[in-house]
Protein chains: 2
Amino acid sequence: MEFEKENSAGYLVNHMARLFAKELQQRIAPHGIVVGQFPILLELWQKDGVSQKSLLDKIDVEQATLANTLNRMERDGLIRRTRNPTDARAQQIWLTNKATALREYAYASAQRVNAEALSVLDASEQAHFMEYMSRIISGMRAS
Amino acid sequence: MEFEKENSAGYLVNHMARLFAKELQQRIAPHGIVVGQFPILLELWQKDGVSQKSLLDKIDVEQATLANTLNRMERDGLIRRTRNPTDARAQQIWLTNKATALREYAYASAQRVNAEALSVLDASEQAHFMEYMSRIISGMRAS
DNA sequence: TAATATTGCACAGCATGCTATGCAAGTGGT
DNA sequence: ACCACTTGCATAGCATGCTGTGCAATATTA
């Protein structure tokens, strides 16, 4: 029995994800941020001064992955970390001016990548595609 | 203006890809193979003794990534590499018995992951989803 | 209050992917 | 035959993700 990778959902999903990441990377890397930092920045642009734990609840990566990415962001001057005065275990994560300034540009870049990638689908197909992904993710997270 | 990651195709694609990889990893890792080796094994199960270049044409990763993964596969006793007698630059890549024996199990694992992940969609939706992904990948590769 | 459990975070080690670079082996043109 | 180009592969260095583990600070329970 054969196994055609072109008919394997997992294979296509993986390939598609790498293409998305590569595309976004090319647009934002020249501005000093990289794709893994994106979800974190999205949260911090909405509200910073939060704990690592609070970020973790909103971002679907493991705690160790988040800690590593935050290290690189601190190294690159995107965030600062302070101790929470009422809980010495916890930290508060703050955006630097540099990171704050990148917000609109980053939003626009992501939206352009999304729009271009989905441009091969019409509006109704795009909506279905997004809905299918949401359902698949919910189903897989539950299991 | 806000940017909702739940409405970002790139974010969902990335998340979905990690869930797929994690799921497949859990099933195949106990048998001594890992997800990155999967596409390579798929090709070699069809035909081995081929060159790295010939694998590269069929698998959508960079040449350096392939070379690294092949190194790990050789280390783990999944493949052997011999020199091509008529071209000293090229190599021939052969599966070991260990790798050959894993074939049906690996096929079944991948198919089960795919089926379970897509089980939240009905047959028609699944077909559309796969088609959308193919079109998106084609479009992004072209650009 | 003392012992125990939980929480918040860090670090080590690894796989997978990328870009950039180098190099030896073949190919082609002169 | 020689020089330049191309081809096939390897390596370095990095980012992103994972699991496993450890630890100090808080919370809970006996």
Side-chain angles (χ1 to χ4, degrees), chain A residues 10-11 13-26 28-30 32-41 50-57 59-76 78-79 81-93, chain B residues 10-11 13-26 28-30 32-41 50-57 59-76 78-79 81-93:
Chain A
Y11 189 89
V13 165
N14 172 271
H15 192 177
M16 197 170 48
R18 284 186 287 118
L19 289 169
F20 266 90
K22 205 167 170 179
E23 200 66 40
L24 184 57
Q25 182 81 34
Q26 284 177 0
I28 63 175
I33 52 178
V34 284
V35 290
Q37 302 169 347
F38 216 95
I40 300 175
L41 287 170
V50 298
S51 69
Q52 191 183 112
K53 165 67 173 158
S54 137
L55 273 181
L56 196 57
D57 292 338
I59 300 178
D60 270 285
V61 296
E62 296 302 312
Q63 177 268 324
T65 301
L66 178 56
N68 277 332
T69 304
L70 289 174
N71 277 342
R72 286 189 294 271
M73 292 175 74
E74 191 168 28
R75 179 201 65 192
D76 297 345
L78 294 169
I79 58 164
R81 285 190 270 195
T82 57
R83 283 283 149 194
N84 183 321
T86 67
D87 185 341
R89 293 169 306 180
Q91 53 187 215
Q92 295 170 300
I93 302 169
Chain B
Y11 190 90
V13 164
N14 172 272
H15 193 177
M16 197 170 51
R18 285 185 288 120
L19 289 169
F20 266 92
K22 205 168 171 180
E23 200 66 41
L24 184 57
Q25 182 82 33
Q26 283 177 1
I28 63 175
I33 52 178
V34 284
V35 290
Q37 303 169 346
F38 216 95
I40 300 175
L41 286 170
V50 299
S51 67
Q52 189 184 113
K53 165 68 172 156
S54 136
L55 272 182
L56 195 58
D57 292 338
I59 300 177
D60 270 285
V61 295
E62 296 303 313
Q63 177 268 325
T65 300
L66 178 56
N68 277 332
T69 303
L70 289 174
N71 277 343
R72 285 190 294 271
M73 293 175 74
E74 191 168 29
R75 179 200 66 190
D76 297 345
L78 294 169
I79 59 164
R81 285 191 268 193
T82 58
R83 283 281 148 197
N84 183 320
T86 66
D87 186 341
R89 293 169 307 178
Q91 55 188 216
Q92 295 169 301
I93 301 170

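Each chain gets a letter, A, B and so on, in the order the sequences are listed, and its residues count up from 1. Worth saying up front: this structure is predicted, and the values here are computed from it rather than measured. Note that these values count all heavy atoms, side chains included, but never hydrogens, waters or copies made by symmetry.
- The distance between atom CG of A:L66 and atom P of C:dG8, rounded to the nearest whole Å, is 13 Å.
- Between B:R89 and B:R83 the shortest heavy-atom distance is O-NH1, 2.8 Å.
- Between A:D57 and A:K53, at least one side-chain N (NZ, or NE/NH1/NH2) sits under 4.0 Å from a carboxylate O, which counts as a salt bridge.
- Residue contacts for B:D76: at a heavy-atom cut-off of 4.0 Å it reaches no nucleic acid atom on any strand shown.
- In this structure A:V34 satisfies the side-chain contact (heavy atoms from CB on, under 4.5 Å) test together with A:Q25, A:Q37, sequence neighbours excluded.
- For C:dC14, neither phosphate oxygen OP1 nor OP2 lies less than 4.0 angstrom from any side-chain nitrogen or oxygen of B:R75.
- The residues B:R18 and A:E62 are annotated as not salt-bridged, no charged nitrogen and carboxylate oxygen being separated by less than 4.0 angstrom.
- At a threshold of 4.5 Å between non-hydrogen side-chain atoms, the residues B:I40 and B:I59 count as touching.
- Residue-to-nucleotide proximity on DNA chain C shows that, of A:A90 and B:Q37, the 5′-proximal contact is made by A:A90.
- Residue contacts shown for A:R83 are absent, as no nucleic acid heavy atom lies under 4.0 Å away.
- First and last contacts of DNA chain D with chain B, using any nucleotide atom under 4.0 Å from a protein heavy atom and ordered 5' to 3', fall at D:dT7 to D:dT19.
- Residue-to-nucleotide proximity on DNA chain D shows that, of A:R89 and B:K53, the 5′-proximal contact is made by B:K53.
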Sugar-phosphate or base contact per nucleotide [nucleotides 18-23 of chain C; S, B, -; heavy atom under 4.0 Å]:
BBB---
